Amino acid sequence: MKPPSTPPTNIDELLQRCQQIAGLSLGELAGLAAIQVPQNLQRHKGWQGQLLELWLGATAGSKPQQDFPDLGVELKTIPIDRRWQPLETTYVCYAPLMNPPGVTWHTSNVRNKLAQVLWLPVEGDREIPVSERRVANGFLWTPGEDEDALLQKDWEELTEMIVLGHVEKITARHGNALHLRPKAADGSVLTDALGPEGQRIKTRPRGFYLRKTFTQTLLMRAFG
DNA sequence: AGCTGATCATTC
DNA sequence: GAATGATCAGCT
């Protein structure tokens, strides 16, 4: 078995690829792909995500759009503990801090990214060596009406604060399902944002993240 | 600098 | 212990 060289042409093919790697460890998948496994993820935080992108045939590289644009599917690996609970929040996308006028929830990047997600849980307990962590079977998720409404409310509140020039007042405590946190290589990175008087200010870039409590409900529904 | 892939580590 | 705020790596 080796990684596919082309993207899946339909959803079924994508799910089949998931089933083929389900139950395998990251070490096995790396070995089959002739890739070195890092001792820890401290300096390789995106390693497993990129390994699984390779195995599912997602187009490599960073693009602001979905991982499988032809299928309208976004891939998210999610680290879980032994009880299938998420160990980390889930990054959704970069947050625009200088909003083009007329952006609404329905046209937002967050909603587009989350319209259809292939969740791929991976054992993430730190006592398990990276190479021994196993991949679970992935599952497709589309937000239900209730979930969409929840996300919309958070997105609208956060976006309103950004538009009104209150980015600096936003903390990760805002938002029930979706929240905003810094997203940068380090604290020296600055980007343009709106200040309280409508002026341009410099601030740390932010990203939208899904809370663990939210992703936990998705995992529960999928795996009980 | 912007954006992707995220996890780390200090604070609470 | 968990959540918040900070950080790491690679590509465009």
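We name chains A, B, ... by the order of the sequence lines, and we start the count at 1 in each one. Just so we're clear, the structure is a prediction, and the values are computed from it rather than from any experiment.
One finds no side-chain N or O of A:Q65 lying less than 4.0 angstrom from the OP1 or OP2 phosphate oxygen of B:dC3. Contact annotation: A:R173 side-chain N/O to C:dG5 OP1/OP2 distance is under 4.0 Å. Within the structure, a side-chain polar atom (N or O) of A:Y91 is placed less than 4.0 Å from OP1 or OP2 of B:dT4. A close approach under 4.0 Å does occur between a side-chain nitrogen or oxygen of A:T77 and OP1 or OP2 of B:dA6. Proximity of A:K76 to the phosphate of B:dG5: a side-chain N or O atom is located under 4.0 Å from OP1 or OP2. Remark: A:K183 is not in phosphate contact with B:dC3, judged by side-chain N or O atoms under 4.0 Å from OP1 or OP2.
Checking C:dT4, C:dT7, C:dC8 against the side-chain heavy atoms of A:R43 singles out C:dC8 as nearest. Taking only side-chain atoms of A:T89, from C-beta outward, the nucleotide of B:dG5, C:dT4, B:dC8 with the closest atom is C:dT4. You'll find that the side chain of A:A184 is closest to C:dT7, out of C:dT4, C:dT7, B:dC3. Side chain of A:Q42, nearest nucleotide from C:dG5, B:dA9, B:dG5: B:dA9. Counting only heavy atoms from C-beta on, A:P182 has its side chain closest to C:dT7 among C:dT7, B:dT7, C:dT4. Minimum atom distance to the side chain of A:Y94 is reached by B:dC3, of the listed B:dG5, B:dC3, C:dT4. Distance from the side chain of A:A172 is smallest for C:dT4 among the nucleotides B:dG5, B:dT7, C:dT4.
Under the side chain to side chain donor-acceptor pair (under 3.5 Å) rule, A:T89 has a single partner from A:K212, A:R211, A:H179, A:R181, which is A:R181.
Side-chain atoms of A:P8 and A:L71, non-hydrogen and from C-beta on, do get closer than 4.5 Å to each other. With contacts defined as side-chain heavy-atom distances shorter than 4.5 Å, the pair A:W105/A:L151 qualifies. Using a 4.5 Å heavy-atom threshold, the side chains of A:L51 and A:V37 count as separate. Side-chain contact between A:H174 and A:L180 is absent, with no heavy-atom pair separated by less than 4.5 Å.
Note: CG (A:L41) to P (B:dA9) measures 11 Å, nearest angstrom. At whole-Å resolution of the value, CE in A:M98 and P in B:dC3 are 13 Å apart. Straight-line distance from the CG atom of A:D186 to the P atom of B:dG2: 14 Å, rounded to whole Å. One atom, CZ of A:R126, and another, P of B:dA6, lie 16 Å apart when rounded to the nearest Å. In this structure, the NZ atom of A:K169 is 19 Å from the C1' atom of C:dT4, given to the nearest Å. If you measure from atom CZ of A:R82 to atom C1' of C:dG1, you get 15 Å, rounded to the nearest angstrom. Note: CG (A:L26) to P (B:dG5) measures 17 Å, nearest angstrom. A:R181 has its CZ atom 14 Å from the P atom of B:dA6, to the nearest Å.
If you check every strand for non-hydrogen atoms under 4.0 Å, A:P79 touches sugar and phosphate atoms only. Within the 4.0 angstrom heavy-atom criterion, no nucleotide atom of any strand lies near A:K202. Residue contacts shown for A:L87 are absent, as no nucleic acid heavy atom lies under 4.0 Å away. Residue A:E74 is classed as a sugar-phosphate contact, given heavy-atom separations below 4.0 Å to backbone atoms only. A:G46 comes within contact range of at least one nucleobase, with a heavy-atom separation under 4.0 Å. Nucleic acid contact for A:D81: none, since no nucleic acid atom lies under 4.0 Å from a heavy atom of the residue.
Heavy-atom distances to DNA chain C give each of A:R211 and A:K45 a nearest nucleotide, and the one nearer the 5′ end belongs to A:R211. The nearest heavy atom of DNA chain C to A:S188 and to A:H179 marks one nucleotide each, and the one closer to the 5' end goes with A:H179.
No donor-acceptor distance shorter than 3.5 angstrom exists from the side chain of A:T77 to the backbone of A:G49, with no hydrogens or angles considered. At distances below 3.5 Å, at least one donor-acceptor pair connects side-chain atoms of A:Q199 with backbone N or O atoms of A:E197.
On a pure distance criterion of 3.5 Å, no polar donor-acceptor pair joins the side chain of A:Y209 and the base of C:dA3.
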